[in-house]
Peer 1: 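Please see the structure below; I have some questions.
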Amino acid sequence: MKPKILLVNPPIYDFAAYDFWLKPYGLLSVAGLLRDRAEFRLFDYLDRLHPFMAGRRELESDRWGRGRFFCGRITRPPCLEVIPRYFQRFGLPRWMFTDFLAAEGPFDFVFVQTVMTYWYQGVQEVIEDVRAVRPEAKIVLGGNYVTLCPDHAQTLGADLLVHGAELGPLWEFVGIQPDMKQPALWEAYPSLNVGVLKLTDGCPFSCTYCSVPKVYGRFKPRPLDHALAELELLLRLGVQNIAFYDDALLFEPDKVLIPFVNEVLRQNVKVNFHSPNALNARFVTGELAKLMVQAGSKTFYLGFESASLQWQKQTGSKVFSEELAQAVGHLIAAGADPTNITAYQILGHPHIDIQELEASMRFVQSLGIRGTLADFSPIPGTPDGQYCSKWVNLDEPLMHNKTAFPIVLMGFDASNRLKDLQRQLNRGLAARKTERDEGR
Ligand code: B12
Ligand code: SF4
């Protein structure tokens, strides 16, 4: 008999969370490799098409498939007591999962997705409930939190932790050999409007605040056939929006993005592509911009971080200001809507001062595109993360929280003032667009 495996994407405990094309892609990828070799059930607390969330007006998706999660206020954990913001639990109610366990079990294995290190409380909740209702099931954790905080993850009491992309111990544990050619198990969702693709692994840069180079090693394209099979499956399931989860989507485009996009154009695929995990502006050429727009790329997020040359050089020289300006020019010339082009800038990084950040925000606005402040999360094992142990205890993953750290570093008022300024700058941009549209 085939083993029965439950896949779980846990609820999020945080100050804020928004469905910015969030899918448990690692979990679905692993499950896909066991397609037809195990019987699967999925419980995704963050599935906004679940009947409990669908139909609530305040949770409706925007035109690109993003939206709010169902949530409820909870008590702040003691170590975050000093942060003057509401703490919340995002996702389907807890009773729904325990009812589901009772109705759908027994299970041989429960695979649980972990994502941000500071979201481990949701994982803890899932483990508690599985142990209470289905004590026979063996619990497996994998994903970013397990990889970055292995010692802490060990304390949650799962039966197996899968570190990084090394899946050998998993196959041994479940006693099944995988079929490595299979796409992710997207059909586990009863209905789906957003999907994810990843054409590459790793990144050729070594930014001092990022864990990717250490975890994934050198940059490596994934086989094109695999991505195309996954695209085909997503389209068959009716997906309209696809987010790339790559760290360096535009690197070596002749080997990766251009062949993919050519195939999308050849097959006349009609889907909207998005790049929430940031594109490197350095690699946006005129030709690439044109191809991406033609193939259906709708939103463009560019990782800029700061306009300070000294900071850019000190943290790994991934991109310089003139490269951002040039990329924006290429994207707009290719037909991208400037209000759908966004540059991320880091808020609360220990080596950026407030004046520098303000100057960066104004520089981005001068290019006629939107800015977004990406709150800094200190990541253990990275040079900049380790430096932050001056302010927070990195052994407690809750202290990597991106809302909390900038407040700890700069204070609540300074952090709020910068966020207000960003909103004001973006409003100015929207007003200019309305004037343009109305021919004023
Ligand atoms: C996509 C992505 C996002 C998406 C959201 C993803 C999601 N589902 O929530 C977006 C763009 C929204 C995002 C936002 C942010 N992100 Co991000 N993101 C990523 C990225 C690129 C991939 C994460 C992912 O989904 N991986 C799943 C798949 C794609 O990974 P995979 O390697 O193919 O999976 C294999 C194995 O890991 C394993 N596996 C994976 N999962 C599982 C599960 C099981 C059960 C098993 C057995 C195995 C297994 O098997 C897979 C197959 O080989 C990572 C970097 C990276 N490359 O990992 C950063 C990363 C997770 N993000 C990071 C950061 C800093 C952020 C932000 C704070 C940035 C900011 N300041 O705004 C925000 C935070 C958002 C929030 N609300 O708090 C950090 C981690 C921070 C932390 N403390 O944990 C990372 C590691 C990048 C970095 N800078 O180092 N992010
Ligand atoms: S370019 Fe992006 S993914 Fe690569 S090391 Fe820098 S921050 Fe990380």
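As a basis for the values below, the full set of heavy atoms in this structure was taken, side chains included, without hydrogen atoms, waters or symmetry mates. All values reported here derive from a predicted model rather than from experimental measurement.
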Peer 1: Would you call Asp159 and Arg131 a salt bridge, using N to O less than 4.0 angstrom?
Peer 2: yes

Peer 1: Side chains of Leu398 and Tyr120: closer than 4.5 Å at any heavy-atom pair?
Peer 2: yes

Peer 1: Between Asn401 and Asp14, is there a side-chain donor-acceptor contact under 3.5 Å, judged purely by atom types and distance?
Peer 2: yes

Peer 1: Tell me the closest heavy-atom pair linking Gly385 and Leu394, and the distance in Å.
Peer 2: O-CD1, 3.2 Å

Peer 1: Tyr86 ring centre to Arg73 NZ or CZ under 6.0 Å, with the angle to the axis within 45°?
Peer 2: yes

Peer 1: Among residues two or more places apart or on two chains, list those pairs meeting side-chain hydrogen bond (donor to acceptor under 3.5 Å, both in side chains) that have a residue in residues 287-297.
Peer 2: none

Peer 1: Before accepting this row, confirm whether a basic side-chain N of the pair Arg66/Asp19 lies closer than 4.0 Å to the acidic partner's carboxylate O.
Peer 2: no

Peer 1: Tell me which pairs pass salt bridge (charged side-chain N to carboxylate O under 4.0 Å, His left out) where either residue lies in residues 358-373, with sequence neighbours left out.
Peer 2: Glu358-Arg362, Glu358-Arg417

Peer 1: Contact between Leu185 and Leu7 at the side-chain level, heavy atoms closer than 4.5 Å - yes or no?
Peer 2: yes

Peer 1: Is the Phe20 to Tyr301 ring centre distance short of 6.0 Å?
Peer 2: yes

Peer 1: Going by side chain to side chain contact (heavy atoms under 4.5 Å, CB included), name the residues that satisfy it together with Pro259, two or more places apart in sequence or in a different chain.
Peer 2: Leu224

Peer 1: Can you measure from CG (Leu421) to CG (Asn416) and round to the nearest 0.5 angstrom?
Peer 2: 12.0 Å

Peer 1: Does the side chain of Glu252 pick up a donor-acceptor pair with the side chain of Thr200 at under 3.5 Å?
Peer 2: no

Peer 1: Measuring from Gln267:CD to Asn262:CG, what's the distance to the nearest 0.5 Å?
Peer 2: 11.5 Å

Peer 1: Are the aromatic ring centres of Phe97 and Tyr45 under 6.0 angstrom apart?
Peer 2: yes

Peer 1: Using every non-hydrogen atom in the two residues, find where Thr114 and Tyr145 come nearest and quote the distance to one decimal.
Peer 2: OG1-N, 3.2 Å

Peer 1: Decide whether Asp44 and Tyr189 meet the rule of one side-chain donor and one side-chain acceptor closer than 3.5 Å.
Peer 2: yes

Peer 1: Begin from the C-alpha positions of Val284 and Val328 and carry the test side-chain contact (heavy atoms from CB on, under 4.5 Å) through to its verdict.
Peer 2: CA-CA 8 Å; Val284 180; Val328 169; over 6 Å; no

Peer 1: Is the count of non-hydrogen atoms from other residues, nucleotides or ligands lying under 6.0 Å from Lys419 atom NZ greater than 12?
Peer 2: yes

Peer 1: Suppose we screen for side chain to side chain contact (heavy atoms under 4.5 Å, CB included). Which residues come up paired with Arg94, at least two apart in sequence or across chains?
Peer 2: Arg89, Glu125, Glu128, Asp129

Peer 1: So, does Gln386 use its side chain to make a donor-acceptor pair with the main chain of Gly381 at under 3.5 Å?
Peer 2: yes

Peer 1: Can a donor-acceptor pair be found, under 3.5 Å and without considering hydrogens, that links the side chain of Gln345 to the backbone of Met361?
Peer 2: yes

Peer 1: Can you confirm if the aromatic rings of Phe405 and His400 lie within a centre distance of less than 6.0 Å?
Peer 2: no

Peer 1: Under 4.5 Å between any side-chain heavy atoms of Val130 and Val8, yes or no?
Peer 2: no

Peer 1: Side-chain contact, heavy-atom cut-off 4.5 Å: Lys298 with Trp64?
Peer 2: yes

Peer 1: So for atom CD, which belongs to Glu81, do other residues, nucleotides or ligands contribute more than 12 heavy atoms lying within a distance under 6.0 Å?
Peer 2: yes

Peer 1: In Å, rounded to the nearest 0.5 Å, how long is the span from CZ of Phe90 to CH2 of Trp119?
Peer 2: 9.5 Å

Peer 1: Using modelled atom types only, decide if a donor and an acceptor are shared between the side chain of Glu356 and the backbone of Ser308 within a distance under 3.5 Å.
Peer 2: no

Peer 1: Leu192 versus Glu187: any side-chain heavy-atom pair under 4.5 Å?
Peer 2: no

Peer 1: Look at the aromatic rings of Phe244 and Phe260 and report parallel, tilted or perpendicular, splitting at 30° and 60°.
Peer 2: perpendicular

Peer 1: So, taking the atom named CG in Asp151 and the one named CG in Leu161, what distance separates them when rounded to the nearest 0.5 Å?
Peer 2: 10.0 Å

Peer 1: In the structure I gave you, are the side-chain heavy atoms of Leu302 and Thr342 within less than 4.5 Å of one another anywhere?
Peer 2: no

Peer 1: Could you go step by step and tell me if Tyr18 and Arg68 meet the side-chain contact (heavy atoms from CB on, under 4.5 Å) rule?
Peer 2: CA-CA 5 Å; Tyr18 185 73; Arg68 291 167 197 261; 4.2 Å; yes

Peer 1: Which atoms form the tightest heavy-atom contact between Ala153 and Val146, and what is the distance?
Peer 2: CB-CA, 4.1 Å

Peer 1: Check the pair Val162, Phe111 against side-chain contact (heavy atoms from CB on, under 4.5 Å), reporting the backbone distance first and the verdict last.
Peer 2: CA-CA 10 Å; Val162 175; Phe111 289 5; over 6 Å; no

Peer 1: For the residue pair Ala307 and Ser360, what are the closest heavy atoms and their distance?
Peer 2: N-OG, 2.8 Å

Peer 1: For Arg266, which residues count as a side chain to side chain donor-acceptor pair (under 3.5 Å) partner, sequence neighbours excluded?
Peer 2: Glu263

Peer 1: I'd like to know if the side chain of Glu166 reaches the main chain of Gly168, judged simply by a donor and an acceptor atom lying under 3.5 Å from each other, with no hydrogens or angles considered.
Peer 2: yes

Peer 1: If we ignore angles and hydrogens, is there a donor and acceptor under 3.5 Å between the side chains of Asp246 and Asn277?
Peer 2: no

Peer 1: Do Leu156 and Val123 touch side chain to side chain, with heavy atoms closer than 4.5 Å?
Peer 2: yes

Peer 1: Tell me yes or no: between the side chains of His274 and Thr299, is some donor less than 3.5 Å from an acceptor?
Peer 2: yes

Peer 1: Does the Thr147 side chain pair with the main chain of Gly143, one donor and one acceptor, at a distance under 3.5 Å?
Peer 2: yes

Peer 1: I'd like to know whether Tyr387 forms a ring pair (Phe, Tyr, Trp, His ring centres under 6.0 Å) with Trp391, so could you lay out the CA-CA distance, the side-chain angles of the two residues, the decisive distance to 0.1 Å, and finally the verdict.
Peer 2: CA-CA 9 Å; Tyr387 180 71; Trp391 294 278; 5.7 Å; yes

Peer 1: Any heavy-atom pair between the side chains of Leu234 and Leu197 that's under 4.5 Å?
Peer 2: yes

Peer 1: Step through it carefully: locate the ring centre of Phe376, locate the ring centre of His349, and say whether they are under 6.0 Å apart.
Peer 2: yes

Peer 1: Show me the pairs that pass side-chain hydrogen bond (donor to acceptor under 3.5 Å, both in side chains) and involve residues 207-219, at least two apart or across chains.
Peer 2: Thr208-Asp384, Tyr209-Lys318

Peer 1: For Ser61 and Arg48: C-alpha separation, side-chain torsions, deciding distance, then whether side chain to side chain donor-acceptor pair (under 3.5 Å) applies.
Peer 2: CA-CA 8 Å; Ser61 296; Arg48 289 187 314 104; 3.0 Å; yes

Peer 1: How far apart are the C-alpha atoms of Phe304 and Tyr344, what are their side-chain angles, what is the distance that settles it, and do they pass the ring pair (Phe, Tyr, Trp, His ring centres under 6.0 Å) test?
Peer 2: CA-CA 5 Å; Phe304 180 51; Tyr344 287 134; over 10 Å; no

Peer 1: Could you give me the CA-CA distance, side-chain angles and deciding distance for Leu235 and Glu232, then say whether side-chain contact (heavy atoms from CB on, under 4.5 Å) is met?
Peer 2: CA-CA 5 Å; Leu235 295 172; Glu232 191 192 317; 5.8 Å; no

Peer 1: Could you grab the distance from atom CG of Leu27 to atom CG of Leu141, nearest 0.5 Å is fine?
Peer 2: 11.0 Å

Peer 1: Just wondering, are more than 12 heavy atoms of other shown residues or ligands nearer than 6.0 Å to CZ in Phe412?
Peer 2: yes

Peer 1: Distance-only, no hydrogens or angles: does the Glu396 side chain make a donor-acceptor pair with backbone N or O of Asn393 under 3.5 Å?
Peer 2: no

Peer 1: Supply the atom-to-atom distance Ile346 CD1 to Ser306 OG, rounded to the nearest 0.5 angstrom.
Peer 2: 8.5 Å

